[in-house]
**Q** 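This is the structure I want to talk about, given as structure tokens.
When a ligand or atom number is given, it counts from 1 through the structure's own listing order. Residue indices begin at 1 and follow the sequence shown. Just so you know, these numbers come straight off a predicted model, no measurement behind them.
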Amino acid sequence: MQGLMQDVPLNLPTLVRHAERLHPRKTVTTKTADGVKTATFVEVIDRSRRLATALRELGVNDDERVATLCWNHQEHLEAYIAVPCMGAVLHTLNLRLFPDDIAYIVQHADDKVVIVDRSLWPLWEKVAPKVTSVRQVIVVGDVPGPKIPGTHDYEELIARVEPMDYALDLPERQAAAMCYTSGTTGHPKGVVYSHRSNVLHSLALSLVDCFALAETDVAILIVPMFHANAWGLPYACLMTGADIVYPGRFMVPDVLAGLIAERRVTCAGGVPTILQAMLASLMKVKAQLGALDRLLCGGSALPEALQQAYRKELGIHVLHAWGMTETSPLGTLCRPTSALRNAGDEDVSRLRASQGRPLFGIEIRIVGDSGLELPWDGRSVGELQARGNWVASSYYNDDSSPEKFKDGWLCTGDVATIDAHGYMRIADRTKDLVKSGGEWISSIAIEGLIMAHPDVAEAAVIAVAHPKWDERPLACVVAKPEAKGRLTKGQIIEHLRPHIAKWWLPDDVVFVDQIPKTSVGKFDKKVLRGQFKDHVLPTE
Ligand code: ADP
């Protein structure tokens, strides 16, 4: 029809040009060994344009993959901008994986160039002999040292070229970036983000009922830039003009808390284990946290006790969100709606522990064993499925998981309920559910309750084989240092008893020094299950 709106593509060059024009003096600050370094958006974007020219000169063509093996810092952001805006594809490598896994991923993605931090060179040296696709290596000097033979120095490379003009008409459905899931089963799988999905995700993240990212914010970006598109935060900050603070390679709670205090950070995001680890450090600088306004927490279930601790101790609401690498990652986010205006504190606190409501752009549903969609009644439990503008439609060059993508829906592998107001609550990952006598028990619900015990630091619940019931829950508990040797199994069970059905009570409680974590800081139940596979449950 005539008279239609203009057809401007939703692409990253347009987002970056907006950042350059509207927020030129906003800043990117990175923690260094002896302080911090700061650059303006205009400087960062100019450097990204030079990086893009240099990459083109190194022979990087449209759609070819440029990988990064870097901490969270300014140069990594420059690659986040340069690579997609020149028409190539940014592939972020998880620096906490084993060299063999990294090599598999590099090779599978067919990465042509790798940008590596000098501090991570020892890791890259173990990967390099196992890959054949990589033609060039660029080294970012995040630590001092001589030039590494056979590589390009990042600063030298960008100093000698002119900045590239990014094509503002880059097709929005073109690939912009890719990220491999940590692959809890089988090989890691590649998820490919488009320009369009990144831009729409940035818009959604900034909505007031979502993370409400704004020009007035100072955001510390703690979520690793190698994981799940860094939760989309780098692009959303550029778009809104929020100042960015990066911890560099100093991912230490006291350093993070110090940066939050000194840089007057207003918002941050992280997985629950990071928020848990940061709480004590933040308490030490409580008087300087006047600017801190909100925290985003996702990646695994946010225990209600942790949520309450942040509110009580620091007066800060933690916004609980759910997502996956496959959903860019934001899918749902929890804020109480107007319907809860008159609800009591306890109800609101319980609700805030849920994973929240889907953002516009994402649809969710739960599906029962029969394949039929289940009602939104807060009770029916089924597999969570999602579809939308920033949800993967398949994995990159991998047909081994047809069960993940059905009829246009992503089958998440999570089991959840949805209530009448659209609040979704994850019961478990399918593979973590405890199946006892044909009924399921939510390990997440029990863990959340155990972690509310004042003497407990962390707790994970896993299934252990049982001759009569198939599986029964085993609670693995880390006592707080002051309660070590004093906290007993009986105390944990009595603490749980008023809150859950008798048959949900763990058959046994074991005290461990720590819960093993995955490469992105989630409880690694696969390792725990291995550790306790021969655990004999008490008979009575
Ligand atoms: P990985 O498989 O390595 O954990 P992802 O980061 O993509 O990779 O993980 C996505 C999964 O993390 C989800 O399917 C879900 O099981 C879990 N998850 C994410 N956010 C939450 C949350 N708020 N509560 C419970 N589980 C969550």
Side-chain angles (χ1 to χ4, degrees), residues 92-94 96-97 101 105 178-193 210-211 223-232 269-276 295-304 306-307 318-335 351-359 362 364 366 381 383-386 390-392 395 401 403-404 409-418 423-433 442-448 451 460-461 516-527:
T92 51
L93 297 171
N94 183 339
R96 298 203 192 274
L97 296 183
D101 291 328
I105 290 170
M178 69 190 303
C179 186
Y180 279 67
T181 62
S182 335
T184 34
T185 50
H187 276 306
K189 313 261 187 282
V191 174
V192 184
Y193 307 113
C210 185
F211 194 44
V223 179
M225 292 174 87
F226 60 72
H227 182 233
N229 201 22
W231 291 9
V271 292
T273 47
I274 289 279
L275 295 199
Q276 176 76 53
L295 296 172
L296 182 63
C297 182
S300 50
L302 167 66
E304 204 174 329
L306 183 60
Q307 162 112 262
V318 182
L319 300 169
H320 191 192
W322 166 89
M324 307 172 68
T325 304
E326 291 87 333
T327 63
S328 294
L330 211 56
T332 67
L333 182 129
C334 189
R335 282 184 185 266
L351 178 106
R352 278 187 177 276
S354 81
Q355 280 72 10
R357 304 183 345 137
L359 310 172
I362 296 270
I364 57 170
I366 41 169
V381 184
E383 189 193 29
L384 180 67
Q385 301 186 349
W390 51 90
V391 178
Y395 291 123
S401 322
E403 75 288 352
K404 290 289 282 186
W409 290 85
L410 166 75
C411 304
T412 65
D414 289 327
V415 185
T417 58
I418 305 176
Y423 285 90
M424 186 271 288
R425 193 177 288 273
I426 301 263
D428 242 320
R429 283 186 162 191
T430 321
K431 53 183 177 291
D432 293 339
L433 274 174
S442 159
S443 64
I444 289 185
I446 307 177
E447 286 159 10
M451 284 191 271
V461 170
K517 310 277 181 341
T518 69
S519 62
V520 292
K522 305 187 191 192
F523 290 166
D524 198 335
K525 296 202 181 174
K526 199 168 63 171
V527 171

**Q** Can Ala228 be said to touch ligand 1, with heavy atoms closer than 4.0 Å?
**A**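 Flag not set, Ala228 not near ligand 1.
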
**Q** In ligand 1, which numbered atoms sit nearer than 4.0 Å to a non-hydrogen atom of Gln355?
**A**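 Selected atoms, number and element: 22 (C), 23 (N), 24 (N), 25 (C).
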
**Q** Does any non-hydrogen side-chain atom of Tyr180 lie less than 4.5 Å from one of Met178?
**A**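 Touching, per the 4.5 Å side-chain cut-off.
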
**Q** Walk me through whether Thr332 and Leu359 qualify under side chain to side chain contact (heavy atoms under 4.5 Å, CB included).
**A** CA-CA 6 Å; Thr332 67; Leu359 310 172; over 6 Å; no

**Q** Look at ligand 1 and say whether Gly323 reaches it with a heavy atom at a distance under 4.0 Å.
**A**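 Yes, Gly323 has a heavy atom closer than 4.0 Å to ligand 1.
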
**Q** Which atoms of ligand 1 have any heavy atom of His320 under 4.0 Å away?
**A**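 In order of number, 22 (C), 23 (N), 24 (N).
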
**Q** Take Leu275 and Val318, measure what side chain to side chain contact (heavy atoms under 4.5 Å, CB included) needs, and give me the verdict at the end.
**A** CA-CA 9 Å; Leu275 295 199; Val318 182; 3.8 Å; yes

**Q** Going by distance alone, is a donor N or O of one side chain under 3.5 Å from an acceptor N or O of the other, for Glu326 and Tyr395?
**A**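 The answer is yes; a qualifying pair exists.
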
**Q** Using a plain distance cutoff, I'd like to know if Gly299 has any nitrogen or oxygen under 3.5 Å from a nitrogen or oxygen of ligand 1.
**A**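 Yes; the residue has a nitrogen or oxygen that sits under 3.5 Å from a nitrogen or oxygen of the ligand.
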
**Q** Taking non-hydrogen atoms only, is Pro329 closer than 4.0 angstrom to ligand 1 via side chain, backbone, both or neither?
**A**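 For Pro329, no heavy atom sits under 4.0 Å from ligand 1.
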
**Q** Apply side chain to side chain contact (heavy atoms under 4.5 Å, CB included) to Ile366 and Val381, showing your working.
**A** CA-CA 7 Å; Ile366 41 169; Val381 184; over 6 Å; no

**Q** By number and element, which atoms of ligand 1 are closer than 4.0 Å to a non-hydrogen atom of Ala321?
**A**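 Here the atoms of ligand 1 in question are 20 (N), 22 (C), 23 (N).
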
**Q** Would you check whether Thr181 has a nitrogen or oxygen atom less than 3.5 angstrom from a nitrogen or oxygen atom of ligand 1?
**A**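 N/O-N/O distance below 3.5 Å does not exist for this pair.
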
**Q** Under 4.0 Å from any heavy atom of His227, which atoms of ligand 1 are there?
**A**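 Those atoms are 6 (O).
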
**Q** Would Glu447 and Lys525 pass as an ion pair if we require N to O under 4.0 Å?
**A**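 Looking at Lys525 together with Glu447, the answer is yes, because their closest N to O distance falls below 4.0 Å.
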
**Q** Do we see a donor-acceptor contact under 3.5 Å between the side chains of Ser519 and Asn94?
**A**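 Yes.
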
**Q** What part of Met324, side chain from CB on, backbone N/CA/C/O, both or neither, has a heavy atom under 4.0 Å from ligand 1?
**A**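 Within the 4.0 Å criterion, Met324 contacts ligand 1 through backbone and side-chain atoms alike.
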
**Q** Which atoms of ligand 1 are found less than 4.0 Å from any heavy atom of Ala301?
**A**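 Ligand 1 atoms under the 4.0 Å threshold to Ala301: 22 (C), 24 (N), 25 (C), 26 (N).
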
**Q** For Thr518 and Phe523, which heavy atoms make the closest approach, and how far apart are they?
**A**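 The pair with the smallest heavy-atom distance is CG2-O, 4.1 Å.
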
**Q** Checking contacts here: is it the side chain or the backbone of Asp414 that comes within 4.0 Å of ligand 1, counting heavy atoms only? Could be both or neither.
**A**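 Near ligand 1, Asp414 shows its side chain, while the N, CA, C and O stay back.
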
